Protein chains: 4
Amino acid sequence: MILSLDLGSEIPIYQQIRDQVVVAVATGELAEGSALPSTRQLAGDLGINFHTVNKAYDLLRREGLLLLTRKSGAVVRRDPHSGPPEGGFAEEWAGRLRTLLAEAAAQGLDGPTVLAACTTTVNGFRAGQTATDDEGGVR
Amino acid sequence: MILSLDLGSEIPIYQQIRDQVVVAVATGELAEGSALPSTRQLAGDLGINFHTVNKAYDLLRREGLLLLTRKSGAVVRRDPHSGPPEGGFAEEWAGRLRTLLAEAAAQGLDGPTVLAACTTTVNGFRAGQTATDDEGGVR
Amino acid sequence: MILSLDLGSEIPIYQQIRDQVVVAVATGELAEGSALPSTRQLAGDLGINFHTVNKAYDLLRREGLLLLTRKSGAVVRRDPHSGPPEGGFAEEWAGRLRTLLAEAAAQGLDGPTVLAACTTTVNGFRAGQTATDDEGGVR
Amino acid sequence: MILSLDLGSEIPIYQQIRDQVVVAVATGELAEGSALPSTRQLAGDLGINFHTVNKAYDLLRREGLLLLTRKSGAVVRRDPHSGPPEGGFAEEWAGRLRTLLAEAAAQGLDGPTVLAACTTTVNGFRAGQTATDDEGGVR
DNA sequence: GTGGTCTAGACCACA
DNA sequence: GTGGTCTAGACCACG
């Protein structure tokens, strides 16, 4: 697993780390149960302070994606969320989705293009979550 | 057009304004050519500093959504973007989309649910960009 | 509102702050809508680092008790939780309750005494949440 | 008696063990006079370091719940605490109770619900400390 | 002015 | 060794 940081970006470093881990878990690139580098290890590799990594890991733990143990470091949880997400998340998330899609529309991307991007992205996630399309799925 | 601000949100106020305008334009709630309140007017209504509104308007102008003139105030542009978006936007946007969708997956929303949300949202935008869920739809 | 910290306690300072704010809100000592000192202000008063206060405030915000704004500082939320708590909290909380009550039993406190303490404590919270007892409530 | 550990919890393992033993003794699931597995035995079963088990047992011994002998291993004391608890415990415990109950209130659990949970929990403890919810109960 | 982020270095508890 | 806490000081974005 390789993280590519953009120091100097307006997006906080700790959130870049968190985002990339989330995506990696969703795509299956980061298998459940696999271990991540320790905070200080990763901080050293990335050339940043371990507190920054700490914050990212802490975020991921709160979201239920990471298991932080004092002996084995950080491990991707096997059962992030068995059932549907907690109350309130879906609404909050839908709002963000609406904003993001509207942004695309405002910049000239038409509906079909946007939906194609959504489908492709979702189909890129780990199996068991294939799209509604036909049996061919990703195409 | 009614703006609902969440003071105390981690999202900056100016961005909340900008986001809601973007969505309103996409859905057609805010027709092209229609005028927005003046910065001082809106700031007064919302009970915030007019500099904040100014920043939001300026953002929208730079994104090509708003036309700021000294006499007519802020007007929604008639031709926001006829062609495809400028270089780099699509990639940057796709990255954000991937992160957002991965987040949903991580919280337990399955693929079909996520795609349904995408479709519904896009279909809610103004005509000319609609895409139904029949076979022609997602491509 | 006065916070009494026990530096050198095994309980982290940021959690002491958080706990006392939670209790103060529950008892009504800290009215909803009232403002707390700014992070740096409180840190100065308590003689601790502002990062520590920051962490406590951040915790309280995540729990929905505090509203952190960049202009007014920290404000107690008016509507912490309108409905029942999010899924999972009740179970997790019940587990902690069981441990705490068992601890009392282990140290020789008998059932009635423990329940009396519970009733008294709950009745000490802000109105609208009086106990099941008879109309006299507190005994 | 079965211990269920949550490695990766923010609660130290040794305390999880200690907590569950305390609860088991309170409910009577672990009868007074019964023996617990040896430290190495339990450590092996749980797949953890025996030092960790050692620490938990030592804690329980200091709290007066366990009797550690070189020949019989760990045995639940027959007379944990005949009289009232030692000075200082009640106050310290009441403080923790207040914090815990306030937390529930802050998350939207109302008074009656909280008290019902308390009553149910206490009634689940071993006989001699029962207290029903009739008029004699809470006092 | 506010909160938020990042860095740096120290110390501690857990395993 | 791990993560967690606290301190200290710098800089930035928001309002």
Side-chain angles (χ1 to χ4, degrees), chain A residues 5 7-17 35-43 46-59 61 66-75, chain B residues 5 7-17 43 46-56, chain C residues 5 7-17 35-43 46-59 61 66-75, chain D residues 5 7-17 43 46-56:
Chain A
L5 294 187
L7 267 37
S9 160
E10 60 177 356
I11 301 175
I13 297 176
Y14 75 90
Q15 193 175 342
Q16 293 183 41
I17 297 174
L36 268 67
S38 73
T39 50
R40 285 163 172 87
Q41 172 81 42
L42 184 55
L46 297 174
I48 59 177
N49 192 282
F50 91 93
H51 283 124
T52 306
V53 179
N54 217 343
K55 188 161 185 175
Y57 277 15
D58 192 51
L59 250 179
R61 181 183 56 177
L66 235 50
L67 211 64
L68 299 182
T69 100
R70 290 178 181 87
K71 61 181 298 193
S72 321
V75 175
Chain B
L5 294 187
L7 271 10
S9 161
E10 53 184 341
I11 300 174
I13 296 176
Y14 79 92
Q15 192 176 341
Q16 292 184 42
I17 297 174
L46 297 175
I48 59 178
N49 195 304
F50 90 95
H51 284 121
T52 306
V53 178
N54 225 335
K55 190 163 185 174
Chain C
L5 295 186
L7 266 36
S9 160
E10 60 175 357
I11 301 175
I13 297 177
Y14 75 89
Q15 193 174 342
Q16 293 183 40
I17 297 174
L36 268 66
S38 74
T39 50
R40 285 163 172 87
Q41 173 80 43
L42 183 55
L46 296 174
I48 59 178
N49 192 282
F50 90 93
H51 282 124
T52 305
V53 178
N54 218 344
K55 188 161 186 175
Y57 278 14
D58 191 51
L59 251 179
R61 181 182 57 178
L66 234 50
L67 212 64
L68 299 182
T69 98
R70 288 179 182 85
K71 61 180 300 191
S72 321
V75 176
Chain D
L5 294 187
L7 271 9
S9 161
E10 53 185 340
I11 301 175
I13 297 176
Y14 79 92
Q15 193 175 341
Q16 292 184 42
I17 297 174
L46 297 174
I48 59 178
N49 194 305
F50 89 94
H51 283 122
T52 306
V53 179
N54 226 336
K55 190 162 184 175

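Values in this document were obtained by computation on a predicted structure and should not be read as measured data. Here is how names work: the chains are called A, B, and so on, in the same order as the sequence lines, proteins then strands, and each is numbered from 1. Values below: every heavy atom of this structure, side chains too, minus hydrogens, waters and symmetry copies.
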(message) On DNA chain F, compare the nucleotides closest to C:R40 and C:G47; which residue's is nearer the 5' end?
(response) C:G47

(request) Grab the CG-C1' distance between A:L67 and F:dT2 for me, whole Å please. (result) 14 Å

(request) Provide the closest heavy-atom pair for B:H51 versus B:N49 in the form atom of the first, atom of the second, distance. (result) N-OD1, 2.8 Å

(message) Does A:I48 reach a base, just sugar-phosphate, or nothing at all? Heavy atoms under 4.0 Å.
(response) sugar-phosphate

(message) Strictly below 4.0 Å: does C:T52 bring a side-chain N or O up to OP1 or OP2 of F:dT7?
(response) yes

(request) Look at the side-chain N and O atoms of D:K55 and state whether any lies under 4.0 Å from the OP1 or OP2 oxygen of E:dC14. (result) yes

(request) Report yes if a side-chain nitrogen or oxygen of A:N54 is closer than 4.0 Å to either non-bridging phosphate oxygen (OP1 or OP2) of F:dG4; otherwise report no. (result) yes

(message) Please name the nucleotide paired to E:dG1 by Watson-Crick or G-U wobble geometry with both distances under 3.5 Å, or report none.
(response) F:dC14

(request) Starting at atom CG of A:L42, determine the distance to atom P of F:dG3, rounded to an integer number of angstrom. (result) 10 Å

(request) Could you pull out the closest heavy-atom pair between A:L67 and D:G8, with the gap in Å? (result) CG-CA, 4.0 Å

(message) In whole Å, I'd like the distance from the CG atom of C:L46 to the C1' atom of F:dC6.
(response) 14 Å

(request) Give the minimum heavy-atom separation between C:L36 and C:Y57, together with the two atoms involved. (result) CB-OH, 3.5 Å

(request) Grab the two heavy atoms, one from B:Q16 and one from B:S9, that are nearest each other, plus how far apart they are. (result) NE2-CB, 3.6 Å

(request) In whole angstrom, give the distance that lies between atom CG of A:L66 and atom P of F:dG3. (result) 10 Å

(message) What is the separation between atom CG on A:L36 and atom C1' on F:dT2, rounded to the nearest whole Å?
(response) 14 Å

(message) Looking at every non-hydrogen atom in both residues, tell me the closest pair between A:R61 and D:E10 and how far apart they are.
(response) NH1-CB, 4.2 Å

(request) Report the residue (A:Q41 or C:P12) whose heavy-atom-nearest nucleotide on DNA chain F is the more 5′ of the two. (result) A:Q41

(message) Here's a test of your reading of the structure: between C:Y57 and A:F50, which maps to the more 5' nucleotide of DNA chain E?
(response) C:Y57

(message) Whole angstroms only, please: what is the CD1-P distance between C:I11 and F:dC6?
(response) 11 Å

(message) Here's a test of your reading of the structure: between A:N49 and C:K71, which maps to the more 5' nucleotide of DNA chain E?
(response) C:K71

(request) Tell me which nucleotide among E:dG4, E:dG9, F:dT2 gets nearest to the side chain of A:R70. (result) F:dT2

(request) Respond yes when some side-chain nitrogen or oxygen of A:Y14 is under 4.0 Å from OP1 or OP2 of E:dC6, and no when none is. (result) no

(request) Provide, to the nearest angstrom, the distance between the CD1 atom belonging to D:I13 and the P atom belonging to F:dG4. (result) 13 Å

(request) Determine: side-chain N/O of C:R61 to OP1/OP2 of E:dG4, distance under 4.0 Å, yes or no. (result) yes

(message) Could you tell me how far apart A:I17 (CD1) and E:dT5 (P) are, to the nearest whole angstrom?
(response) 13 Å

(message) What I want to check is whether an N or O donor and acceptor connect the side chain of A:H51 with the base of E:dG9 at under 3.5 Å.
(response) yes

(message) With a 4.0 Å cut-off on N to O distance, would you call A:K55 and A:D58 a salt bridge?
(response) no

(request) Looking at every strand, decide which applies to A:T69 at a 4.0 Å heavy-atom threshold: base, sugar-phosphate, or nothing. (result) sugar-phosphate

